[in-house]
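These numbers come from the heavy atoms of this one structure, side chains and all, not from hydrogens, waters or symmetry mates. As the structure is a computational prediction, the values presented were derived from the model and not from experiment.
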Amino acid sequence: MLNRRQFLLGVGRGATLIGLAPLWSCAKSTREAPLIQAREETWANSVCQLCPSGCGLRVRLVNGNPVTVAGNPFHPINRGGLCARGAASLQLYYDPDRLAGPVKRDPGVVGGWAPTSWKDAIDNVASRLQAVAFSPGRVAVIRGDNRNLTSQLLGRLARAAGSSWVVDMKAPADVAMEEVLAGTHGTHGQLVQDLSKSTVLLSLDSGLLEASANTMTLHRSFADMRSAGGYFVHAGPRLGVTGAKADEWLPIRPSTAGVFALGVAHMLIKEGYARVEFLRDHVSGFEDWTDEAGVPQSGVRSWILREFSPQRVAELTGAEWDQIIRVARRFGSAERPLAIGPMQGDTSFQTFDAQAVHTLNVVAGAIDVPGGVLWARRAPFDDLDAPAGSKPDVATGTRHSPTVEELADWVLQGKSPPIDLCFVHEADPVFTSPEGAKLADALRKIPFVVSTSPIMNDTAAVATAVLPDSLWLERRCDSITVDGNGYPVVSSSPPAAKPRADCRSTADLVLAVAKSAGERIAQQFPWGSYEEVIKDRVELLFRAGVGDTLSAQHRSTWTQLLERSGWRAVSYNTVEELGAEIDKRGGWWDPAYYHGEWRRIVPGGDHRINLQAVQFTTQPESVAHVEGPNDRLALYVYPELTLTTRGGVSLPYLQDLGSPLWQTSWVTSAEINPKTAAHLGLALGDTIKIKNDRGEVTAQVRVSPGIRPDVIAVQSGGGRVHGGRYAEGIGSNPLRLVKTESADDPRRVRRELTFVHIERVA
Amino acid sequence: MARWGMVIDLNRCTACQGCITACHQENNVPPSNPRLAGQNRSIRWIDMMPMYEGEYPHTAMSLLPMMCQHCEHPPCIKVCPVGATFFSEEEGIVGQVYSRCIGCRYCTNACPYTVRQFNWFEPDVPPTYPQGTNPDVSVRYKGIVEKCTFCNHRLMHARDTARADNRNLLPGEFVPACVEACPTKAMVFGDLEDPQSEVAKQARSKRAFRLMEDLGTEPKVYYLREGRGQ
């Protein structure tokens with residue numbers, strides 16, 4: 001280490017130091033090493049995989065080492081920007097606790113894990129797969145919600161082996177919205193909220209500025225809306241960042257977002273703000289009708305008018321009835337109103353809430369219009385998830401994507417057919433699921449569990465083998481997603497940096513396993529490598545004859561005009577040129593959105609949104625069961641943007657940031673209203689235990705006027721047992737306390753309103 | 001002669017903290033740990049300042065990203081006994097000379113914005129991290145005060161490139177890491193002396209305000225108030 005005297009002898013300038021070799025690495029005598037080192041600087045592209053946004057990256061390398069991660073200015077999702085997670089991602093590349101290579105469980109070894117070779121690992125997995133491929137339901141895949149080819153290949157592997165145990169670790173709110181859309185629209189299309197053009201935005205406990213599956217897009221669209229003068233109302237139990245940026249905050253009770261939405265819909269209908277032409281032309285089930293047997297049937301309109309008067313909604317939600325009327329009038333009379341519901345829904349959330357918010361948007365006519373809810377256009381190729389001829393297996397029946405809790409129950413109840421082989425990729429469900437402990441027991445019971453995590457996280461810790469995926473910087477990476485305008489975006493970049501461990505891309509792992517697992521499975525995977533899969537997709541993009549490589553923002557109307565006239569002015573002539581341009585610029589997109597394509601929005605039948613399809617089976621009273629027992633608070637868990645990266649990693653820059661709302665970090669914080677704090681004798685910084693019959697967590701008190709007095713808000717992201725030195729033992733996991741009992745209909749997503757009591761520790 | 005300054009539009013800022021991580025990555029700021037954080041000694045060159053207003057249920061909150069304001073009349077340079085911090089007349093940036101700093105922390109006390117950070121301990125980094133440091137920025141060690149430099153190193157590099165090409169700096173050729181990383185483009189940076197620059201135009205907005213203007217420090221970081229209008 002240089003001291004000041006040595007340094008001053010060496011350098012004469014008094015200005016800010018530049019060009020100096022980092023002092024940390026000067027372990028040897030400085031007289032030997034030159035003070036200014038020659039260096040080669042290069043830049044490379046990559047695609048971030050820390051969340052489903054799939055932002056384009058520009059990586060700066062010095063002498064082959066990545067030193068800066070910045071945003072790719074061409075990329076439509078982030079336009080050169082980066083959220084806190086992306087900018088900290090190098091700390092994952094240089095993580096001292098990364099696995100050095102593939103390991104398998106070995107009780108005879110100290111620590112329980114022994115290194116294994118890729119060849120042995122692939123052979124083991126392949127032979128296992130081959131053994132069970134002829135019996136249905138024996139293979140399971142648990143994958144994160146990143147939208148990329150690797151994820152699709154894993155789904156394909158399970159289905160090729162005759163299993164439909166493909167579990168997507170999506171937010172409960174996303175799962176619920178998919179169910180709602182599948183029922184009302186008959187499609188699994190991806191929704192995009194076109195915030196940037198809306199004039200009045202109503203957040204129904206959305207947490208849109210906390211973390212979500214579309215963080216980057218939502219933040220950017222939100223900024224555009226505010227710059228254009230949009231009005232923003234946030235209704236929810238917690239102020240948070242979302243409420244801090246709102247014009248008004250209405251502190252409603254937890255679990256009442258849907259009720260509030262229908263209260264607003266009630267006023268829209270009653271005062272003539274409902275978009276009657278839209279409802280007449282594109283919606284069924286709204287008005288009352290008489291069925292074929294002559295029996296009069298009640299439409300959703302009568303039900304809303306009957307059940308959701310402002311007075312009743314005020315009683316149930318805790319808002320003032322005049323606030324509800326005022327907000328509804330502003331919303332209804334807006335040129336382009338838009339309602340946005342919960343993005344995460346970890347606590348106090350049900351499918352009812354997703355359905356209610358969608359109904360409000362339908363009543364307000366905010367469907368497929370600028371500033372409304374858009375149905376994203378798809379990339380011009382099918383997902384690889386479902387190989388030709390795959391059938392849903394009988395055991396899981398005709399469910400939509402099974403949940404990880406259902407998988408745990410299946411295994412622990414010893415149901416048949418038993419799962420023999422399970423893959424976990426880009427997810428840490430033992431940590432993120434409220435039933436994590438139960439899931440850990442289930443995974444221990446499954447004979448062979450493979451995790452592809454690059455570090456030992458809570459799920460990998462109960463696996464049989466950990467076959468670490470390369471980081472996106474170290475391999476070909478891709479993302480198949482949509483931007484805030486509903487345009488399809490396909491990102492793809494070659495490796496940016498050399499691997500720092502003996503890791504392998506999971507896509508290549510899947511292909512190698514499939515090839516060695518017998519003809520029946522191998523024939524579903526006609527590609528020799530991940531690169532070949534990419535080339536295949538690029539060829540499909542070329543043949544589709546639409547879109548172009550990524551470019552600057554421009555008006556969609558021009559692109560549409562060109563496309564519809566059959567003209568294209570693209571930057572490539574051959575497939576190879578397209579591939580090279582994609583690698584150079586970061587990807588491909590099709591910047592056109594066509595409104596009014598009802599065959600895309602409601603593919604089947606009479607192309608009408610069927611509001612009756614997902615029955616509101618729950619009545620408002622049971623939904624808004626609000627008063628807990630005395631001295632109990634309702635628990636509200638929300639995802640902290642800095643702490644909820646996919647796959648369970650914690651990076652010191654992010655741990656240190658924690659929440660922007662206060663300046664302490666490396667602890668789990670719990671927000672309590674000042675009145676409640678006074679009543680419980682709590683002060684800022686006190687340590688408390690938060691308990692219910694499911695367990696207890698420890699947290700530090702933040703006294704905040706931004707939370708209802710009957711609620712305690714706890715950030716999620718802390719409390720990992722495994723995950724490297726910057727994560728282990730830091731904080732506490734409040735998701736453990738959340739109840740997830742299923743309602744009458746097991747398809748419904750349900751996170752119960754959970755009550756807790758508080759005990760001061762220090 | 002330039003007066004580098006910044007305008008932060010609070011309508012566009014969503015408190016994602018991307019600016020903070022980008023800055024820390026660019027400037028080799030050491031990662032913190034629970035001990036440092038518990039003592040409020042984490043080093044943050046730029047930080048979110050939360051300010052609650054009003055009582056429940058009429059709560060409002062502002063979140064301001066705050067870094068060194070690069071005052072025209074900086075209180076910190078006046079109190080430094082060894083000349084480790086200075087005001088650059090050519091660029092308007094308040095610079096820091098790590099090699100001269102003796103760690104007395106007079107500057108840290110004098111700064112009304114509390115944006116100066118002191119290295120109370122040796123940076124606690126694992127052996128894998130040094131390879132990933134940005135070679136353009138020197139790494140500090142225990143006993144040294146550090147703060148935002150408006151990515152001075154990027155400015156020097158840009159000036160060198162422009163001089164080699166025998167031209168002036170182009171608009172947008174020099175941006176600090178935080179401005180570059182901001183996903184919502186809430187931060188605008190440039191030369192306040194150039195009346196045609198975007199930053200000068202926005203600084204003249206009716207929504208513009210500066211922090212603690214009554215102290216007479218003349219900070220060069222402007223904020224645009226939230227809410228509608230303009």
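- Once rounded to the nearest 0.5 Å, the distance linking SG of B/Cys182 with NE2 of A/His219 reads 11.0 Å.
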- Task: Under the salt bridge (Lys or Arg N to Asp or Glu O under 4.0 Å) rule, what do A/Asp224 and B/Lys185 come out as? Steps first, then yes or no, please.
- Result: CA-CA 10 Å; A/Asp224 288 341; B/Lys185 305 291 170 249; over 6 Å; no

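- B/Ile20 touches chain A through its side chain: at least one heavy atom from C-beta onward sits under 4.5 Å away, while N, CA, C and O do not.
- Inter-residue side-chain proximity for A/Val67 and B/Pro135 is flagged as met; some heavy-atom pair is nearer than 4.5 Å.
- Residues forming a side chain to side chain contact (heavy atoms under 4.5 Å, CB included) with B/Ile43 (at least two apart in sequence, or on another chain): B/Val29, B/Pro30, B/Trp45, B/Gln117, B/Asn119, B/Glu146.
- Side-chain contact check for B/His58 versus A/Glu248: every heavy-atom pair is 4.5 Å or farther apart.
- Considering only heavy-atom pairs separated by less than 4.5 Å from chain B, the leading option among A/Arg708, A/Glu210, A/Arg725 is A/Arg708.
- Under the side chain to side chain contact (heavy atoms under 4.5 Å, CB included) criterion, B/Val179 pairs with B/Met6, B/Val175, B/Pro176, B/Met187, B/Phe189, not counting sequence neighbours.
- The aromatic rings of A/Trp249 and B/Tyr56 lie perpendicular to each other, with more than 60° between the two planes, well past the 30° mark.
- With chain A as partner, the option from B/Leu224, B/Asp9, B/Thr184 having the largest number of non-hydrogen pairs under 4.5 angstrom is B/Thr184.
- You'll find the side chain of B/Pro31 stays beyond 4.5 Å of the side chain of A/Asp656, heavy atoms only.
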- May I have the step-by-step check of side-chain hydrogen bond (donor to acceptor under 3.5 Å, both in side chains) for B/Asn11 and A/Ser227, ending in yes or no? CA-CA 6 Å; B/Asn11 265 345; A/Ser227 282; 5.8 Å; no

